[in-house]
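Structure first, commentary second.
In what follows, every chain begins at residue 1, and chains take the letters A, B, ... in the order their sequences are listed.
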Number of protein chains: 2
Amino acid sequence: MHLFWEKGYGSTSVADILSRAGVNSGSLYHYFPGKQDVLTAVLDTYIGGIREMLLEPAWRGVVDPIEKIWKLMDGYREALVQTDCTYGCPIGSLALEIHEPDPPVRERLAKNFTNWTDAIEDCLKAAGRRVPPGVDRRALAEFVLTTMEGGVMLARSYRDIGYFDRAIDQLKEHFNRLLRPATSPARSGPRQRKKGKSHA
Amino acid sequence: MHLFWEKGYGSTSVADILSRAGVNSGSLYHYFPGKQDVLTAVLDTYIGGIREMLLEPAWRGVVDPIEKIWKLMDGYREALVQTDCTYGCPIGSLALEIHEPDPPVRERLAKNFTNWTDAIEDCLKAAGRRVPPGVDRRALAEFVLTTMEGGVMLARSYRDIGYFDRAIDQLKEHFNRLLRPATSPARSGPRQRKKGKSHA
DNA sequence: GTCTATAAAAGGATAGAC
DNA sequence: GTCTATCCTTTTATAGAC
């Protein structure tokens, strides 16, 4: 998993995997028919672990559903910063690296994106009336993914986190213009009037 | 150039290049020190040809600067549709495929993105007062690139152009909320009052 | 400048002992 | 289940004739 994230699929040799895992060829091929099956297993691990590995760490202590979206973005930002903008989203990299993926691989890449989008869509649903009725929640959730992936691509290409930050800023601006401001946590009295910007 | 677009860099062998070009090994290595130098030459060709190869074909007959942006998006859409959503943006694919590019490669990938962003920024500048003063034109131009690349990634992963279309729709929505509506071509009279949506 | 032939290495995968 | 040894293919790159 880590090697595919660091170096991609093609540039990771079976010898690399054996060395990193501290096992020998016979062991790997006892469990996996071939290298591609290691990849599908890794993708399955991402699919099965999106909550424990990605969402829960990012959302610890966060309750506001829109804030959860930005916290998730922060997570990708941190990964970029920690690696000097060399490692981005493992799924996105694999998706563009493997030009003609076999169906089992492509399905799993798509499933990863779908689960990710589901999580964002859940946030938008949880935001309730802050998302006006006319807004397509699914399309907006997809747009968060689109922006994150595009922003990661540019930040990596330039080795400059500014490109990611500006992409997220634009997305926040889009949200600010699209969504109603957050209502205060319902103190059960006359509606409070908050002034000033809620974000960005 | 075409092979790197179709199959990526790593999956294109020197033998593939020789076969497609109809030449032999000796010829290629007479002009290029190695395979990576073929890549940098390809990237230089993209850099030098952005106008003739990309912008001019997309913008033929288009005068409105904002419309030019959408026409450029249409170009990427067409490339996706024509290839059943298998080939996307050649630069974006290479950028994510090559995880630790040597400096000469990374520089050229970044230069390609910069030139592309310059072209969009020029459109935004040409749009004049339609882009309100507070709007960061450079950041918005980058955001167009971010959205295009992210949209291409999803469309390819799902083999479904709908993901690209929805990303562009969101971007258009962002533009609609950010920009002033286009003024009619200055009929030199009292300001016309247009109602209804100008786009999307 | 282009050709053929080939070197030298790395890659994925297998065989068979233990 | 794991080990060592190795097969076979592919890959990049070079040598040297023409």
Side-chain angles (χ1 to χ4, degrees), chain A residues 1-48 86-87 90-91 93-109 112, chain B residues 1-48 86-87 90-91 93-109 112:
Chain A
M1 173 175 263
H2 202 90
L3 283 167
F4 290 161
W5 185 43
E6 284 176 359
K7 316 177 41 161
Y9 176 71
S11 299
T12 298
S13 70
V14 173
D16 290 333
I17 299 171
L18 299 176
S19 160
R20 181 72 66 98
V23 286
N24 298 95
S25 171
S27 299
L28 189 147
Y29 284 100
H30 176 73
Y31 291 101
F32 299 96
K35 185 187 172 187
Q36 181 174 292
D37 303 275
V38 178
L39 174 60
T40 55
V42 165
L43 292 173
D44 283 336
T45 305
Y46 279 120
I47 291 170
T86 53
Y87 311 165
I91 311 301
S93 299
L94 291 168
L96 285 201
E97 175 193 342
I98 308 173
H99 280 242
E100 289 180 358
D102 285 341
V105 172
R106 204 189 57 67
E107 285 164 13
R108 284 168 173 85
L109 291 169
N112 267 285
Chain B
M1 173 176 261
H2 202 89
L3 283 167
F4 291 161
W5 185 43
E6 284 176 359
K7 316 176 42 160
Y9 176 70
S11 298
T12 298
S13 69
V14 173
D16 290 333
I17 298 172
L18 299 176
S19 160
R20 180 72 67 95
V23 286
N24 297 94
S25 170
S27 299
L28 188 148
Y29 283 100
H30 177 73
Y31 291 100
F32 298 96
K35 184 186 172 188
Q36 180 173 293
D37 303 276
V38 178
L39 174 62
T40 56
V42 164
L43 291 174
D44 284 335
T45 305
Y46 279 120
I47 291 170
T86 53
Y87 311 164
I91 310 300
S93 300
L94 291 168
L96 285 202
E97 175 192 344
I98 306 173
H99 281 242
E100 290 179 359
D102 285 340
V105 171
R106 206 189 54 69
E107 285 165 14
R108 285 167 173 85
L109 291 169
N112 267 285

Measure [atom1]/[X] against [atom2]/[N] and give the value in whole Å, please.
X	N	atom1	atom2	answer
B:Y31	D:dA13	OH	P	18 Å
B:L3	D:dT11	CG	P	13 Å
B:L18	C:dG1	CG	P	17 Å

From OG1 (B:T12) to CE (B:M1), nearest 0.5 Å: 13.0 Å
What distance separates A:I91 CD1 from A:F4 CZ, expressed to the nearest 0.5 Å? 11.5 Å
Answer yes or no: is there a donor N or O on one side and an acceptor on the other, between the side chain of [X] and the main chain of [Y], under 3.5 Å?
X	Y	answer
A:S19	A:A15	no
B:D16	B:S13	yes
A:Y9	A:Q36	yes
B:T40	B:D37	yes

For B:S27 and B:N24, test the side chains for any donor-to-acceptor distance below 3.5 angstrom and give the result as yes or no. no
So B:Y29 and B:V14, do their side chains get closer than 4.5 Å, heavy atoms only? yes
Any B:H30 side-chain N or O less than 4.0 Å from OP1/OP2 of C:dG1: yes
Which letter, B, S or -, goes with each nucleotide of nucleotides 4-18 of chain C from 5' to 3', with contact meaning a protein heavy atom under 4.0 Å? B------SSBB----
What residues 93-107 of chain B contributes to the DNA chain D interface at heavy-atom separation below 4.0 Å is none
